[in-house]
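Down below is the structure, laid out as structure tokens.
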Amino acid sequence: MTGYTMLRNGGVGNGGQPWVLRWSSRIRLTWLSFTLFIILVFFPLIAHYYLTTIDDADDAGKRIFGPRTGNELCEVKHVQDLCRIRESVSEELLQLEAKRQELNSEIAKLNLKIEACKKSIENAKQDLLQLKNVISQTEHSYKELMAQNQPKLSLPIRLLPDKDDATFPLPKSNRNCRLHNCFDYSRCPLTSGFPVYVYNSDDYPFGSSLDPLIKQAFEATVRTNVYVTENANIACVYIILVGEMQEPVLPKPTELEQQLHSLPYWRTDGHNHLIINLSRKSETQNFIYNISTGRAMIAQSTFYDTQYRPGFDIVVSPLVHAMSEPNFLEIPPQVPVKRKYLFSFQGEKIESLRSSLQEVRSFEEEIEGNAPADYDDRIITTLKAVQDSKLDFVLVEFTCKNQPKASLPTEWALCGERDDRLELLKLSTFALIITPGDTHLVISAGCTMRLFEALEVGAIPVVLGEQVQLPYNDVIRWNEAALIIPKPRITEVHFLLRSISDNDLLAMRRQGRFLWETYFSTSDNVFSTVLAIIRTRIQIPAAPIREEPAVEIPHRSGKAAGTDPNMADNGDLDLGPVETEPPYASPKYLRNFTLTAMDIYRNWNSAPGPFHLFPYTPFDPILPSEAKFLGSGTGFRPIGGGAGGSGKEFQAALGGNVPREQFTVVMLTYEREEVLMNSLERLNGLPYLNKVVVVWNSPKLPSEDLLWPDIGVPIMVVRTEKNSLNNRFLPWDEIDTEAILSIDDDAHLRHDEIMFGFRVWREARDRIVGFPGRYHAWDIPHQSWLYNSNYSCELSMVLTGAAFFHKYYAYLYSYVMPQAIRDMVDEYINCEDIAMNFLVSHLTRKPPIKVTSRWTFRCPGCPQALSHDDSHFHERHKCINFFVKVYGYMPLLYTQFRVDSVLFKTRLPHDKTKCFKFI
């Protein structure tokens, strides 16, 4: 207060003292502010610097603010307790972590055991299911065996007679020789296999007189025949070739008789011997007529009624193509049905021709008992009248322009050269064959030559004379391929020929070509026909046809096959049993030793086309449409009421009227391992699957590290000799079922589709049953056939990339179908499916069956196949036209029939009547 007063009073006092006080007061305030500033700013900075650098000292003991060890901390008394607690907690935590790890390890082990138990349970369930299937199959087999009541029998011990077996009494006359009194059955047991011993003609003097071409052709045929044996001691039949002989060196009848009787196995009477006299020309050499042949059978083209023994001797066809195969492309087509001439005939009758037979028979004896002499005159008059009427174009000539061929008395001799006669027959719908006027002449080489030429070019034979014995007449139904008319009906012939419909004409022409190709065309066919007739007469089954041996490629399997959701999308449908390991073998269609006349007759005559397993007929597999499946047992499932109304859903029953069976998948592949593995995995769990045969079509073997899937059934990987699409249809010996599902390696089919196709095939076993349909069409501008894959309601083919067919057709395709077709398949690497459709339609005269609405079956994302090539369709056009030339007509048939099941996934109550509906 005093200072304040002093300032108010002017700051004067004590001689200037107030000014000094004011100045000192200001100095103190400034210093104080500066000091505070220094303390508050620089001291924290210095302290911060000191604290950050003081612990960098090398001597740990000089640290002031650095961290200290636990022991140093524990030196502090109040921290020691905390340290002990921390150490105790750390030890407990370590122990708990160890226990946790131990528990986790135990949990992992238990999880593994749980998974193993689950797998064991699944395996046990699978084993139980397999055992149930085995029990069910065993019970079914037992019921079938009980129903058959056919115990298994061992083959009988073969008893062979001695080489010099005792002879039995001769019949009163050689004309009375039949099998029951002139054939030794003891040399031909049922299980013998029909061994045939063929003498070497060169070892005997008459061998030098044989026609060289016939002898060469005969020897070549003998070398390849399955029945020929070199062990004469076990032979059933002994064969000797005695003709055709060349004219300048003909042996005398007595010399030939002595040479025959001196054969090492003639045994005094020649029983079980067959004397073959083949004819390559129309000239007849019936020199055997004057020879005593004892109990030996005779096969030749000329017989008199006093010489021919029905059911014992054999009328054979001429051997025209001795050392050459017929060219199918030179054979005229079977259509159009009607040709330029309604019928034609060229010939000249020579009454005074000398023959070996006339040496012992007078002319009066020749014509004794003949029909009225004016029959031939009446035939000439009638045929000339038809020609002059010009109602139809006919060509008849009764005088040869050139020198006629040699012939027997009362026989119509051939005119001109063979090529000229064939050209005329190619223009003729019918070919007249006038039998000799001598009714004692059962058949002549001239007649058989006319018959051969007519069948070769598709002219329907019209034989005037019902007394004639045509070649192989006791086993061939000639009325299906020729007209046999009595001579008195010559005035009705023109009316009869004009009344035959085009369909009947085509059927007869097709059957005639079948007979020609199967029994007449080559030396192999002629020789095999003769052997088959004898074997059929004595009721010995044929030798089994050759199967293709499968050379397996070793491969590793074990990869668990996954389940494709598209394949397994069946809900809870029961498509059938998944087969056990090993799968049961389906009964093959094999004929047993029980034969019937009906089977013999049907097998020889009912084949609707030229391809027939002739060298092994008639007791090899015949067409499935004709088969009774005798080897399959009696377990047929009835249709309708009774046991058939089992209450199962449509898809649960296998269907059909034959016992249960399986099918084999044949899959062709070429260096597409990933696609192949995926396709195989899709077959996992497929019901009724017996085996998968993978045809490895590449020369390069599969990768060694390739792991094949385990699909529950065997997978056989077969190595082929070359890359050929024909390998798809080889009858592999590993195929143990009748049903074959041919499928491409990129085909994508569901299980229910496959099972439905299998069911349909079981009810149409002679057809191709498949999924993608195709058809052929006629190209009017280019006058040729086209292959068409467009969507259509009409089809004539089913692609074999996804189709069922019978194994029988694999034999026919590989061994019987003309080689020219298989060669074209190899040339184009294409058309094997078309060739199979041609074959089956040609044999059955039925179209294939398409199932479901599926038109394609390729899997998405698969590499492109051969069918995507631009030239693919052009090649298929060429194939169809080439196949038509080989067959002589278009065998494919159109159909708008498709099989779909509207009840395949429908469940019906057990007390309701079942109905199967196909649309």
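Hydrogens, waters and symmetry mates are skipped; everything else that's a heavy atom, side chains included, is used.
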Would you say [Y] and [X] are linked by a side-chain donor-acceptor pair, where the criterion is simply a distance under 3.5 Å?
X: E832; Y: N726; answer: no
X: Y670; Y: D745; answer: no
X: Y811; Y: E548; answer: no
X: N525; Y: S521; answer: yes

Note to self: Between K700 and E671, does any NZ, NE, NH1 or NH2 come within less than 4.0 Å of an OD or OE carboxylate oxygen?
What the structure shows: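 The answer is no: the pair does not qualify as a salt bridge.
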Item checked: Member of R765, R762, K807 meeting the salt bridge (charged side-chain N to carboxylate O under 4.0 Å, His left out) criterion with E738 -> R765
Margin query: Which label fits Y887 and H842: parallel for a plane angle under 30°, tilted from 30 to 60°, or perpendicular past 60°?
Written below: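 Judged by the thresholds at 30° and 60°, the geometry between Y887 and H842 is perpendicular.
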Margin query: Once you measure the plane-to-plane angle for W478 and F520, does it fall in the parallel (<30°), tilted (30-60°) or perpendicular (>60°) bin?
Written below: perpendicular
Item checked: Closest non-hydrogen atom pair, D826 against L725 -> OD1-N, 4.4 Å
Margin query: Quick check: closest heavy atoms across S428 and S344, and the distance to 0.1 Å?
Written below: OG-OG, 2.8 Å
Aromatic centroids of [Y] and [X] separated by under 6.0 Å:
X: Y341; Y: F393; result: no
X: Y688; Y: F663; result: no
X: H776; Y: Y787; result: no
X: F729; Y: Y813; result: yes
X: Y894; Y: Y775; result: no

Margin query: Among D833, N697, D744, exactly one meets side-chain hydrogen bond (donor to acceptor under 3.5 Å, both in side chains) together with R728. Which residue is that?
Written below: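 The passing option is D744.
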